[in-house]
Asker: 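Below: one structure in structure tokens.
In what follows, every chain begins at residue 1, and chains take the letters A, B, ... in the order their sequences are listed.
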2 protein chains.
Amino acid sequence: MARPRRSQAREDAKGEFVEAAWELFSRRGYDATPVSAIIEKVGLSKGSFYYYFTSKEEVLDAVVSRIVDEISRAVEPIPSHPEFTTQEKMRSFFRAIGDWKVANMDIIREAAEVIYRDENVIIRHKMNNMVVERLSPALAEIVARGIEEGAIDAEEAEGTAEMILRFFNAMAEMQAASFVAAKDDPAALMRVIRKAELYMAAIEKMLGVSRGVLSPLDADFEERLQGAVSGEGMPREPGLSGERG
Amino acid sequence: MARPRRSQAREDAKGEFVEAAWELFSRRGYDATPVSAIIEKVGLSKGSFYYYFTSKEEVLDAVVSRIVDEISRAVEPIPSHPEFTTQEKMRSFFRAIGDWKVANMDIIREAAEVIYRDENVIIRHKMNNMVVERLSPALAEIVARGIEEGAIDAEEAEGTAEMILRFFNAMAEMQAASFVAAKDDPAALMRVIRKAELYMAAIEKMLGVSRGVLSPLDADFEERLQGAVSGEGMPREPGLSGERG
DNA sequence: GAATATATACCGACGGTCGGTATAATATGC
DNA sequence: GCATATTATACCGACCGTCGGTATATATTC
């Protein structure tokens with residue numbers, strides 16, 4: 001199956017476009033990034049870009065899909081974990097999302113400012129919808145099992161799972177709004193975390209599970225988050241110059 | 001401060017721009033509506049448009065603001081209603097929003113398809129944020145009183161009110177997604193209503209109030225909605241020609 | 001294994017649209 | 001008739017997406 005290699009062809013030109021697009025979108029925003037910038041960064045031409053994608057929006061879809069894929073991979077095995085209780089599964093599920101965020105915090109922190117701007121709702125919207133779409137089956141499985149066991153108080157697993165994720169997204173939107181509103185206030189972060197606890201507590205309450213099942217409530221988490229947010233993580237490499245010899 | 005009146009001048013050129021923009025945005029979408037179309041509809045020029053608005057986005061803000069104003073006016077007197085119980089206030093509050101939707105259903109129904117498209121998230125986003133911003137003080141007042149009375153189980157009124165509205169928005173997003181997904185399925189509407197009840201029940205549960213406090217649960221509502229959605233309402237006037245002597 | 005045909009990857013100029021600006025022209029109040 | 005408010009027109013530059021075309025690699029045929 002050895003792939004024939006073309007002299008001029010890239011290994012994975014399409015992937016390079018997606019990567020470049022994400023870096024640019026997250027730094028400059030979607031509307032503010034012309035296709036020409038993506039092209040320049042990759043070092044290919046407009047013709048190539050439109051060979052792989054039918055539109056600028058399509059490359060955004062690919063970007064979002066790649067990100068959600070990562071989270072999805074972390075989350076999918078959880079429902080069938082043999083030893084976890086429903087509560088542990090639920091916690092792992094949200095923890096996995098949280099961990100992804102923390103792991104990518106250096107990117108998120110930098111990108112947040114950009115992505116949370118009104119003009120870039122389209123990015124968040126696509127993320128949110130894809131999260132619901134791709135993650136709700138796994139969550140539904142956990143919820144269904146939880147209902148059977150009596151650990152969760154709900155009527156219908158799929159609808160409930162979808163709803164939880166949408167509420168989760170609503171929380172993220174609140175965080176977005178709060179961060180943008182109080183940009184340079186160092187105390188803002190902690191206030192946002194407190195606010196987020198309100199949301200998690202509400203979701204717990206509505207599922208009839210005890211406090212702390214979804215929200216970590218461990219000092220560890222806040223510390224990690226604190227550290228990541230305050231900028232101890234690696235900064236992204238500075239240069240935007242993508243093309244070189 | 002007497003308004004200078006001029007023979008050629010419009011009574012309210014700015015308002016006409018806003019009106020025209022709303023009609024076009026709701027029919028064609030935001031991105032797909034060029035400023036030139038708004039101008040043509042009003043019968044003025046680009047110079048005038050940019051005299052009143054600094055950007056295309058600003059006219060969108062004005063459009064959204066005008067809509068939220070309408071809802072806001074209906075909602076603001078509710079908290080101080082002398083005879084309503086907390087439950088009645090809560091119900092009135094959401095009823096007012098629902099009524100606005102039903103009253104404008106003929107517009108919404110037509111606009112929904114357009115507005116719910118991905119490319120038009122920006123419209124919904126601005127609506128959602130403005131709803132939270134402008135309506136949460138009134139709701140917070142109700143919630144605060146409810147907490148005092150022991151009718152509502154929550155810790156903090158403002159945060160809770162904001163959260164409720166955000167969850168409400170999340171429900172609307174679910175409806176958006178469902179409608180778009182099952183566009184021509186007549187049964188879809190009823191399924192969406194059932195799903196919406198799941199959300200309202202969840203919010204009720206999380207506030208510790210009994211089922212039916214927020215969600216109407218009256219046959220009347222479903223009927224009105226049914227009627228409005230199935231197209232018994234007035235269709236919007238067909239022509240796009242807005243300018244007349 | 002040379003010749004031919006075809007698919008894949010890529011190029012870059014160009015068209016047309018659109019948001020926004022510059023500036024001139026006109027109206028109105030004083 | 002002057003300052004200010006309002007409107008018109010011409011124009012700019014950025015941008016998305018298209019299109020005709022090229023080059024290389026593979027498949028086919030003899």
Asker: Establish, yes or no, whether the cationic atom of A:Lys14 lies under 6.0 Å from the six-membered ring centre of A:Phe53 and within 45° of the ring axis.
Answerer: yes
Asker: Could you list the residues that satisfy side chain to side chain contact (heavy atoms under 4.5 Å, CB included) with B:Arg134, not counting sequence neighbours?
Answerer: B:Ser65, B:Val68, B:Asp69, B:Met130
Asker: Quick one: side chains of residues 72-79 of chain B, donor-acceptor pairs under 3.5 Å with protein atoms, not counting sequence neighbours, listed by atom name and distance.
Answerer:
residue : atom : partner : partner atom : Å
B:Ser72 : OG   : B:Glu76 : OE2          : 3.1

Asker: Rounded to the nearest Å, what distance is computed from the CG atom of residue A:Asp12 to the C1' atom of nucleotide C:dT8?
Answerer: 15 Å
Asker: Is the phosphate of D:dT7 approached by B:Tyr52 (side-chain N or O, under 4.0 Å from OP1 or OP2)?
Answerer: yes
Asker: Kindly write out the residues that satisfy salt bridge (charged side-chain N to carboxylate O under 4.0 Å, His left out) with B:Glu141, not counting sequence neighbours, or none if the list is empty.
Answerer: none
Asker: Using a 4.0 Å heavy-atom cut-off, write out nucleotides 10-21 of chain D from 5' to 3' as B (base contacted by protein), S (sugar-phosphate only) or - (no contact).
Answerer: -----SBBB---
Asker: Using the side chain to side chain donor-acceptor pair (under 3.5 Å) criterion, which residues pair with A:Glu133? Sequence neighbours excluded.
Answerer: none
Asker: Give every donor-acceptor pair under 3.5 Å between a side-chain atom in residues 29-36 of chain A and any protein atom, sequence neighbours left out.
Answerer:
residue : atom : partner : partner atom : Å
A:Tyr30 : OH   : A:Glu57 : N            : 3.2
A:Thr33 : OG1  : A:Gly29 : O            : 2.5

Asker: Whole-Å distance between D:dT7 C1' and B:Lys14 NZ?
Answerer: 16 Å
Asker: Over how many whole Å does the gap from B:Leu24 atom CG to C:dC18 atom C1' extend?
Answerer: 15 Å
Asker: Return the value, rounded to whole Å, for the distance between atom OH of B:Tyr51 and atom C1' of C:dT23.
Answerer: 16 Å
Asker: Round to a whole Å and report the spacing from CD of B:Glu16 to P of D:dT6.
Answerer: 14 Å
Asker: Distance check needed: C:dC18 C1' versus B:Ile38 CD1, whole Å only.
Answerer: 12 Å
